[in-house]
Amino acid sequence: MQKFSICFISFFVLFSFSMINIFFFSYFVMNNLVYILEWELISFSSMSIVMSILLDWMSLLFMMFVSLISSVVIFYSKSYMSSELNLNRFIILVLLFVFSMILLIISPNIISILLGWDGLGLVSYCLVIYYQNIKSYNAGMLTALSNRVGDVFILMVISWMMNYGSWNYFFYLDFMVNDYMMMMISVMIIMAAMTKSAQIPFSSWLPAAMAAPTPVSALVHSSTLVTAGVYLLIRFNSLLIDMFFFKVLLLLSGLTMFMAGISANYEFDLKKIIALSTLSQLGLMMSILSMGFPDLAFFHLLTHAMFKALLFMCAGVIIHMMNDIQDIRFMGGISNFIPLTCLCLNVSNMALCGIPFLAGFYSKDLILEMVSMSNLNFFIFLLYYVSTGLTMFYSFRLTMYLMINDFNLLSVYNLYDEDYVMLKSMFTLMMMSVLSGSMLMWSIFSYPYMIYLPLNIKLMVIYVSILGAFLGYLMSNMNIYSMNKYLKSYNLSSFLCLMWFMPNLSTYGLNFYFLNYGQLMLKNIDMGWSEFYSGQGLVLILKNYTVFYSFFQMNNNFKIYLFSFVLWVCFLMMFMMIYLNSL
Amino acid sequence: MFYFMNSNKMFFIFILFFSTLISISSNSWLGCWIGLEINLLSFIPLISNSNNLLSSEASLKYFLTQSIASINFLFFILLKMIFMKNFEMNNFFSIMINSSLLMKMGSAPFHFWFPNIVEGLSWFNNFILMSWQKISPIILLSYYFNKNFLILIIMLNAIIGAIGGLNQTSLRKLMAFSSINNLSWMMSSIMISENLWIFYFLFYSMLISIMCFMFYMLNLFFINQLFFININYLIKLSLLINFLSLGGLPPFIGFFPKWIIINFFMNNNFYFITFILIMSSLILLFFYIRIIYSSFMFNYLKLKWIKIYFKNKMFILLNFISMVSILGMILSTFFFL
């Protein structure tokens with residue numbers, strides 16, 4: 001009975017789906033095939049709403065990765081969420097999430113994309129608020145509303161695309177490049193992708209979404225949901241390539257990468273550090289994408305998905321062992337107690353830093369070399385390389401905090417490394433994060449990129465990495481006295497560690513003025529003037545009138561009642577006489 | 001109220017009905033006057049009850065006011081006969097004849113007798129006074145009315161009906177003021193056509209019959225009785241919804257005739273008067289809701305040992321009418337699908 005739990009079944013189904021996908025991927029990439037299936041749902045005044053399915057090597061490969069990671073994550077959550085009462089609900093939510101992600105991946109039609117896109121937003125909201133407390137509600141609302149901005153942009157794209165008579169953007173990418181409407185559409189697509197992939201004005205939701213359970217963070221907020229925006233832009237790439245706004249995106253995503261790298265160094269929450277490193281890698285993907293290398297972005301997307309999911313899963317094991325404590329200041333020296341988990345953690349961390357011949361090396365090194373080969377200004381170049389150094393910086397700091405420093409939680413403690421369900425799933429991903437880089441590089445690039453660089457530029461990555469590692473080492477060894485030196489640059493420190501005040505921008509900054517204005521309106525209009533001039537004031541006036549009227553009515557003086565008629569007759573007579581005299 | 005058990009009252013109610021028919025179908029003003037006079041004299045015995053001092057007082061008051069109105073009516077139709085040719089209009093005469101008719105039906109500037117008399121009447125007599133007794137004066141008004149004067153009277157009726165009822169605690173007086181307000185709708189409908197008036201009048205008398213019979217059954221005369229009445233909550237709910245229907249809230253049938261009148265008024269460019277009518281019926285609806293809502297929704301006493309006498313002999317009829325009142329407009333839309 002235990003074997004046929006919902007986790008196991010879902011794992012099995014997803015894993016088989018992933019294997020099927022890798023088979024078809026090999027077939028498709030070998031023969032260079034593209035299949036489009038269309039199913040017409042409604043035809044409305046010569047515009048048909050179709051559910052389309054696009055199968056090419058890209059969608060098949062992405063589906064393979066998504067289903068592999070989600071199968072492993074579901075297997076992992078059998079142990080991680082073992083004491084959860086509503087495990088079925090959790091697994092069903094994750095499955096719904098995977099389903100909407102797959103819908104997004106396979107659709108070349110903007111309406112069917114919206115189906116997957118909205119599904120992602122909705123289910124990720126449900127997953128973020130899974131631990132039903134105030135913090136998760138806030139985080140979930142921030143996540144959902146930030147993503148909702150992107151949904152609105154997609155909706156506007158739908159209405160703009162009605163001008164073309166069909167929503168299959170796939171067919172217009174090449175022909176309508178210079179069209180004004182297509183330019184509007186592409187700007188909106190970029191905005192939508194920026195919300196989903198948490199680029200700079202919208203990036204505050206990604207660290208907030210760490211309120212979700214860790215398997216959800218592993219699947220949703222590292223490898224699938226946030227890559228949806230990148231994937232959308234990869235699909236639209238041939239349209240966007242020469243746009244001015246794409247250059248803006250390059251700047252914004254480079255700044256995102258830089259900002260996230262710095263903020264990760266200030267952070268002490270284990271999951272938030274990983275979330276910020278995800279943000280930094282997303283910035284990398286977006287920026288290389290906006291330079292016109294969609295295949296490199298896709299490559300990094302896939303390898304990053306592997307090692308980032310692994311990193312989150314390791315973090316989940318550690319959080320489990322530390323009595324649900326996520327603060328890295330309590331951790332330390334755990335490599336002595338849980339060597340297998342630390343092995344996985346180190347592999348994924350190194351892959352993230354781009355240590356040679358791990359997964360991250362192939363994609364990241366290629367990206368950085370293509371950046372050096374490209375015709376760029378110094379600022380963008382600096383953003384790329386400083387961010388690479390910062391990746392090394394926070395990864396090394398994290399490693400030092402977790403593995404080398406003293407254990408600070410309790411004086412009596414018991415750490416265990418024998419949760420084999422979690423370990424098995426982590427080992428699957430560890431294999432992938434070692435192998436996937438080279439595997440993908442050999443399979444998806446039909447011809448190699450030509451790199452020709454001077455030696456120092458070629459070694460620039462190593463220079464910044466070593467510098468970053470050294471700084472990370474120093475930073476992890478800082479004592480309380482040195483920490484207090486932050487106070488000397490208090491404003492700058494708070495600016496950097498609060499993600500450049502972006503949470504304020506999208507929460508307090510947005511809410512505060514409207515709420516304040518609403519309170520003002522409530523006080524002055526709703527409960528003030530409009531009450532006086534409509535409800536209460538009218539009642540007051542009517543009450544006075546009715547009191548005045550009762551004076552005539554209540555005294556039961558019949559003589560007056562009858563006399564009023566006589567008076568009326570006299571009045572009319574008089575009026576009549578005056579009228580007749582005037583004739 | 002069961003007049004068929006009392007041969008005298010059966011006789012008088014028969015005369016009451018036929019005197020109205022006499023007055024509205026005669027082709028001379030004198031015939032009309034005769035009908036009105038017979039109507040008055042047949043209603044007096046229906047009101048008066050030798051055991052009840054209040055109703056005797058009410059009958060006397062009714063007699064006085066109606067006879068004064070009749071005297072004036074007779075006086076002015078005779079004057080009109082003497083001074084004017086047959087189809088001639090004159091502001092003075094038309095206003096005076098209209099005024100005496102307005103006094104007969106208890107319309108606004110001469111309405112002071114109306115809430116006082118209503119206080120001494122049983123619910124069934126109230127029903128007759130508010131519905132049937134309105135027929136002959138209004139029909140006679142429709143034969144010979146001064147339009148400008150009537151517009152003034154309509155607005156006055158609407159406002160006085162709304163404001164006078166605002167502070168009442170007696171349900172009978174409240175219904176009287178509501179009737180004054182509805183009189184303004186009726187008078188405005190006779191400005192359009194007689195058929196429209198019949199339409200409005202039928203709906204109004206149906207709604208007022210529900211209210212009067214229900215109050216009769218529950219022995220309700222004052223608002224504070226509503227707070228400790230010990231009845232099934234469905235009956236309370238039906239009372240509440242019938243009040244809303246009487247006030248003219250859209251999904252119920254009370255709105256329907258008002259809607260039609262508003263529609264015709266809009267077509268005939270009576271914008272200001274429509275505004276006054278709607279606003280005053282808003283105030284009317286306000287005090288209906290204030291009565292019912294506070295007594296049935298907020299707090300009411302539920303005493304264990306008080307058994308209130310509950311006359312349920314007409315309950316099926318009442319249920320049927322109130323079903324028409326509540327669901328009539330909703331159901332009737334299905335005929336036009």
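Proteins get letters first, then strands, A, B, ... in listed order; numbering begins at 1 in each. All values derive from a computational prediction rather than experimental measurement.
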Engaged part of B/Phe177 at the chain A interface, taking heavy atoms whose separation is under 4.5 Å: side chain

For chain A, the option from B/Ser99, B/Gly164, B/Ala69 that forms the most heavy-atom pairs under 4.5 Å: B/Ser99

Which portion of B/Ile160 sits near chain A, non-hydrogen atoms under 4.5 angstrom: side chain

Between A/Phe565, A/Tyr545, A/Phe548, the one whose heavy-atom pairs under 4.5 Å with chain B are most numerous: A/Phe565

Side chain proximity check, B/Trp33 to B/Leu78, heavy atoms < 4.5 angstrom: no

Residue part contacting chain A, namely of B/Asn91, when any heavy atom lies under 4.5 Å: neither

For chain A, the option from B/Phe112, B/Phe76, B/Phe286 that forms the most heavy-atom pairs under 4.5 Å: B/Phe112

Closest approach of A/Ile129 to A/Ser136 (non-hydrogen atoms, all atoms of both residues): CG2-O, 3.4 Å

Closest-packed option against chain A by number of heavy-atom pairs under 4.5 Å, given B/Leu166, B/Leu64, B/Thr65, B/Ile95: B/Leu166

Ring geometry between B/Phe221 and B/Trp123 (parallel below 30°, tilted from 30 to 60°, perpendicular above 60°): parallel

Heavy-atom check, side chain of B/Leu102 versus side chain of B/Leu141, under 4.5 Å: yes

Test side-chain hydrogen bond (donor to acceptor under 3.5 Å, both in side chains) applied to B/Asn146 and B/Ser94, step by step: CA-CA 6 Å; B/Asn146 187 331; B/Ser94 61; 3.3 Å; yes

Contact class of B/Phe110 relative to chain A, heavy atoms under 4.5 angstrom: side chain

Minimum-distance pair of heavy atoms, taken over all atoms of A/Tyr125 and A/Gly140: CD1-O, 3.0 Å

